[in-house]
Number of protein chains: 2
Amino acid sequence: MAANHERRPTSHGGVTDAIKEAIIRGDFVPGQRLVEADLSDMFGASRAAVRSSLLELTNEGLVEKVQNRGARVRAVSLDDAIEISEVRMMLEALCAAKAAEHIDDDGIAELESIGERMSAAVSAGDVFGYSRLNELLHRRVRELSGQRTAARVLDRLRAQSVRHQFRLATQPGRPSVSLPEHLAIIEAICARDTAAADRAARRHLASVIDALRQAEAAEASVAGAG
Amino acid sequence: MAANHERRPTSHGGVTDAIKEAIIRGDFVPGQRLVEADLSDMFGASRAAVRSSLLELTNEGLVEKVQNRGARVRAVSLDDAIEISEVRMMLEALCAAKAAEHIDDDGIAELESIGERMSAAVSAGDVFGYSRLNELLHRRVRELSGQRTAARVLDRLRAQSVRHQFRLATQPGRPSVSLPEHLAIIEAICARDTAAADRAARRHLASVIDALRQAEAAEASVAGAG
DNA sequence: GCCTACGAGATTGTCGCCAATATTGTGGTC
DNA sequence: GACCACAATATTGGCGACAATCTCGTAGGC
């Protein structure tokens, strides 16, 4: 298993999405070589299509290419993840504030529904469901903000850091820390309080960075002890 | 002049840079169609090279491609420019704060030198020189911050908005508004005052957004009167 | 006179081949 | 026994040609 990339997208966009998904899902691990001919067989596309897809994904920060030495899945270090989270802190705060400004009644109902489902998922210990709601919440806030420039950047950064994101989500005790932060963001946006939304988003991302730093420290001590 | 794109880069990177420069310099105007065969002749490269360059520049937000309908130079609207400036406000503030944290004596000397030259350029009415120093200052702050993720994003956004940037710079009276803002950023960073650097960068970008909005209003009234 | 269907030209999308470069394995020499 | 030069292989980079698609002009029909 872990490999059912046997569609026939043939064309550029399809191959790009397929490879992107495979990287995000973890079918291709960080550092793994991506040989054009192999991908070409795997997805049933021409080498040219694979080639342009690889170029596009390089621009998105998901793969790294070296002249005449091929492409590999980009390995996002913990330092990179922290940098990404710092940028996200700024931009998610911007989007949260904008969302608070522009939100309508339908949006409020939707966000509140997401909040309730998140609480339920955490109560039920449904880590995976909570993780998906987490992603949904962040995406909806980005969309509701109407700030497409920031949304595009955040999309890319999120794709780059899914692995760290997921590791954090499965960390024991993490959901009970992040849930109230998420609820605070929802509450602020639904109250149309831009300043509070900004602060809540900042606090949440600061907490993410803290958690990453702790993971870094834990890993270092394990490495030292092992 | 306005057209001496007759190098022979042949390879991908060279063509990409050449087209990018041509767009940034204004040799290709917003909305202009970019026909692959024409570019291929113009730069002496194969169509495949031009093609991959166009794809890369699409990802950078400098050109827009439509399926089977070709590529055009992206026309960045005033609304787009304001969005971009909003994102820049967040990220330049982050970089300024980080720069204030990490800066060493050499960096301080360099920034102060840039500040002095900016003052001199404004005194002398050297708009073009001031504009170049402006870009230099922002770039050095990005680099000194050590935040490569933010720096990469800012690089792209800046390339997208050069046209608006330039129009602002040539607006009469604008330098005397932006100079003290720039000097405040330099002073805060050199004093290693992260909070002040953050505020100064925010204030500067807020002023840019204001200027853009005024340009929007002025244009609307001209359009209404004409 | 206007609308629709068709066709010629232009432009992009895709593919397979060949050359250039890096990597790996082998043999020889000190 | 280890190091270096060289050749074989694997992989990427670049190019030209062909097919698919779109645009625009033209002719025919209502």
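Residue numbers begin at 1 in each chain, while the letters A, B, ... track the order of the sequences.
Here D:dT11 presents its C1' atom at 8 Å from CZ of A:Arg47, a figure rounded to the nearest Å. The nearest whole Å value for the distance from the CD atom in B:Glu36 to the P atom in D:dA17 is 16 Å. Rounded to an integer number of Å, the gap from CG of A:Leu55 to C1' of C:dT14 is 17 Å. Between the CG atom of A:Leu54 and the P atom of D:dT11 there is a distance of 14 Å, given to the nearest Å.
Ion pairing between a basic and an acidic side chain is recognised when a charged N comes within 4.0 Å of a carboxylate O; B:Arg33 and B:Asp38 show no such pairing. The pair A:Arg140-A:Glu143 meets the salt-bridge criterion, since a charged nitrogen lies less than 4.0 angstrom from a carboxylate oxygen. A salt bridge links B:Glu36 with B:Arg51; the closest basic N to acidic carboxylate O contact falls under 4.0 Å. Electrostatic pairing of B:Lys20 and B:Glu56 does not count as a salt bridge here, judged by no charged N lying under 4.0 Å from a carboxylate O.
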In a table with atom names and distances, give each donor-acceptor pair under 3.5 Å that connects a side chain of residues 145-152 of chain A to protein atoms at least two apart or in another chain.
residue  : atom : partner  : partner atom : Å
A:Ser145 : OG   : A:Arg142 : O            : 2.6
A:Ser145 : OG   : A:Gln147 : N            : 3.0
A:Gln147 : OE1  : A:Thr149 : N            : 3.4
A:Gln147 : OE1  : A:Ala150 : N            : 3.2
A:Gln147 : NE2  : B:Glu83  : O            : 3.0
A:Gln147 : NE2  : B:Glu86  : OE1          : 2.8
A:Thr149 : OG1  : B:Glu83  : OE1          : 2.7

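The side chain of B:Ser46 has D:dG14 as its nearest neighbour among D:dG14, C:dT14, C:dT11.
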### Message
Could you go through B:Gln160 and B:Arg74, starting from their C-alpha distance and side-chain angles, then the distance that decides it, and tell me whether this counts as side chain to side chain donor-acceptor pair (under 3.5 Å)?
### Response
CA-CA 8 Å; B:Gln160 290 173 23; B:Arg74 174 174 168 207; 3.1 Å; yes
### Task
Kindly determine whether A:Leu133 and A:His138 satisfy side-chain contact (heavy atoms from CB on, under 4.5 Å), including the steps that lead there.
CA-CA 9 Å; A:Leu133 286 165; A:His138 284 274; over 6 Å; no
#### Entry: Verdict with supporting geometry, B:Ser52 and B:Arg47, side chain to side chain donor-acceptor pair (under 3.5 Å)
CA-CA 9 Å; B:Ser52 66; B:Arg47 239 193 73 203; over 6 Å; no
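Within 4.0 Å of B:Leu34, counting heavy atoms only, lie sugar-phosphate atoms of the nucleic acid but no base atom.
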Set out, line by line, the N/O atom pairs under 3.5 Å between protein and nucleotides 6-9 of chain C.
none

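Taking only side-chain nitrogens and oxygens, B:Arg51 comes nearer than 4.0 Å to OP1 or OP2 of C:dG13.
In the region residues 58-71 of chain A, proximity to DNA chain D at under 4.0 angstrom, judged on heavy atoms, holds for A:Lys65, A:Gln67, A:Asn68, A:Gly70.
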